[in-house]
Number of protein chains: 2
Amino acid sequence: MSALDVLADPTRRRIVELLAGGELNATTIAGHFSSSRPAISQHLGVLVDGGVLTVRRVGTQRLYRIDPASLAEASDWLSAQAHRWERVLDALESALDEGTG
Amino acid sequence: MSALDVLADPTRRRIVELLAGGELNATTIAGHFSSSRPAISQHLGVLVDGGVLTVRRVGTQRLYRIDPASLAEASDWLSAQAHRWERVLDALESALDEGTG
DNA sequence: CCCATCCGTAAGCAATCACTTACACTCACT
DNA sequence: AGTGAGTGTAAGTGATTGCTTACGGATGGG
């Protein structure tokens, strides 16, 4: 699932959280980070490729916005993973019961 | 959170799932993978360092076992992340409401 | 038309990571 | 003590990744 590979990077997670407040242009976003503007631009590209963000051009600016669907999908995936490990723990418990019983 | 960095690798996830059935020694674990035994040994080291697995020595063997506490912690972390993105989505929705209202 | 602003892309670099082969160590058994 | 099974460690390699600097393209105002 690519939205999650994309959200693996802490800087990218912060970008997404920043956009929780609404649309922002590239320069404004970059202003919140100590990295260079091109570095942030590259992160934005990864986020767009991963479907987490969408862009629209307004004049000379590029406005970035969260794609709620993909973020919801990421959230669901995380929940599913959490449940997966819970199941592993359940299985482990059963195995231990068999061992001791 | 290191248990999660550790579980980022697919091979390591498979190892943990393999150990859901109970304790196994290093050679048996390695037998389930196409990678070399040393490669798996290194993964096991990472898993132990990350607190996901524990080892005990029995004769010449090393028996690996899941540490339920750390795995539960990982599961909780995943849930928390899922909720975090849900909150981001909620915030986004509020921002859009303000924008259009 | 010229210039400043906004922004992506190209190229190069350093760090990280998973893998492989080769080697070394420990323990059990004889 | 010698041998073999079980296993970790060292060293080298190729791929990936995030960062930086330098550059180029597009848009809008004078």
Side-chain angles (χ1 to χ4, degrees), chain A residues 1-19 21-67 70 74 77 81, chain B residues 1-19 21-67 70 74 77 81:
Chain A
M1 212 273 239
S2 61
L4 259 122
D5 290 337
V6 154
L7 293 173
D9 184 86
T11 299
R12 289 197 287 268
R13 282 198 294 268
R14 286 184 53 203
I15 291 175
V16 175
E17 291 180 330
L18 202 54
L19 291 174
E23 229 174 22
L24 292 175
N25 67 29
T27 300
T28 303
I29 295 170
H32 285 78
F33 296 87
S34 57
S35 295
S36 69
R37 190 195 49 73
I40 302 303
S41 178
Q42 285 166 7
H43 280 306
L44 289 170
V46 171
L47 285 162
V48 170
D49 285 348
V52 176
L53 302 184
T54 58
V55 215
R56 65 190 181 101
R57 304 179 51 151
V58 171
T60 171
Q61 302 188 124
R62 314 271 179 121
L63 299 180
Y64 289 88
R65 182 200 314 228
I66 293 174
D67 175 21
S70 82
W77 189 91
Q81 291 302 306
Chain B
M1 212 274 241
S2 62
L4 259 122
D5 290 337
V6 154
L7 292 173
D9 183 87
T11 299
R12 288 198 286 267
R13 283 198 294 268
R14 286 184 53 204
I15 290 175
V16 176
E17 290 181 331
L18 202 54
L19 291 175
E23 229 175 22
L24 292 176
N25 67 28
T27 301
T28 303
I29 295 170
H32 286 77
F33 297 86
S34 55
S35 295
S36 69
R37 190 194 50 72
I40 302 303
S41 178
Q42 285 166 7
H43 279 306
L44 289 171
V46 172
L47 285 162
V48 170
D49 284 348
V52 176
L53 301 185
T54 58
V55 216
R56 65 188 180 103
R57 304 177 53 150
V58 171
T60 170
Q61 301 188 124
R62 314 271 180 124
L63 298 181
Y64 289 88
R65 182 202 310 228
I66 294 174
D67 175 20
S70 82
W77 189 90
Q81 291 303 303

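Everything quoted here is computed from the prediction, not taken from an experiment. Letters A, B, ... mirror the listed sequences (proteins, then strands); counts begin at 1.
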Can you check whether A:Thr27 has a side-chain N or O nearer than 4.0 Å to OP1 or OP2 of C:dC6? no
Between B:Ile40 and B:Thr11, is the side-chain contact (heavy atoms from CB on, under 4.5 Å) condition met? List the steps. CA-CA 8 Å; B:Ile40 302 303; B:Thr11 299; 4.2 Å; yes
Integer-rounded Å distance: C:dC7 C1' and A:Ile29 CD1: 12 Å
For A:Arg14 and D:dG18, give me the distance from atom CZ to atom P, rounded to whole Å. 15 Å
Under-4.0 Å side-chain N/O to phosphate OP1/OP2 contact, A:Thr60 with D:dG28: no
By nearest nucleotide on DNA chain D, pick out whichever of A:Ser34 and A:Val58 is the more 5' one. A:Ser34
OP1 or OP2 of D:dG18 sitting under 4.0 Å from any side-chain N/O of A:Arg12? yes
Can you give me the closest heavy-atom contact between B:Val6 and B:Val52, atom names plus distance? CG1-CG2, 3.8 Å
Please lay out, stage by stage, how A:Phe33 and A:Leu18 fare under the test side-chain contact (heavy atoms from CB on, under 4.5 Å). CA-CA 11 Å; A:Phe33 296 87; A:Leu18 202 54; 4.1 Å; yes
Choose from D:dT7, D:dA10, C:dG8 the nucleotide whose nearest atom is closest to any side-chain atom of A:Arg62. C:dG8
In whole angstrom, what separates A:Gln61's CD from C:dC6's C1'? 7 Å
Could you state the atom-to-atom distance from CZ of A:Arg37 to P of C:dG8 in whole Å? 7 Å
Separation of B:Asp49 atom CG from C:dA18 atom P, in whole Å? 13 Å
Is any side-chain nitrogen or oxygen of A:Ser36 closer than 4.0 Å to OP1 or OP2 of D:dT20? yes
Does D:dT7 have OP1 or OP2 sitting under 4.0 Å from an N or O in the side chain of B:Asn25? yes
Return no unless some side-chain N or O of B:Ser35 is found under 4.0 Å from OP1 or OP2 of C:dC19. yes
Less than 4.0 angstrom between a side-chain N/O of B:His43 and OP1 or OP2 of C:dC19, yes or no? yes
For the pair made of CG in A:Asp9 and P in C:dT16, what is the distance, rounded to whole Å? 14 Å
Rounding to an integer number of Å, can you tell me how far B:Leu47 CG sits from D:dG8 P? 12 Å
Heavy atoms from C-beta onward define the side chain here; which of C:dC6, D:dA11, D:dC19 lies closest to that of B:Gln42? D:dA11
Contact under 4.0 Å: A:Arg57 side-chain N or O vs D:dA26 OP1/OP2: no
Rounded distance in Å - CZ (B:Arg56) to P (C:dT26): 21 Å
If I compare all heavy atoms of A:Ala30 with all of A:Arg37, which pair ends up nearest, and what's the gap? CB-CG, 3.9 Å
Determine the contact category for B:Ala39: base if any of its heavy atoms lies under 4.0 Å from a base atom, sugar-phosphate if only primed atoms, P, OP1 or OP2 are that close, otherwise nothing. base
For A:Leu53, run the side-chain contact (heavy atoms from CB on, under 4.5 Å) check against A:Val46, A:Leu19, A:Asp67 and tell me which one passes. A:Leu19
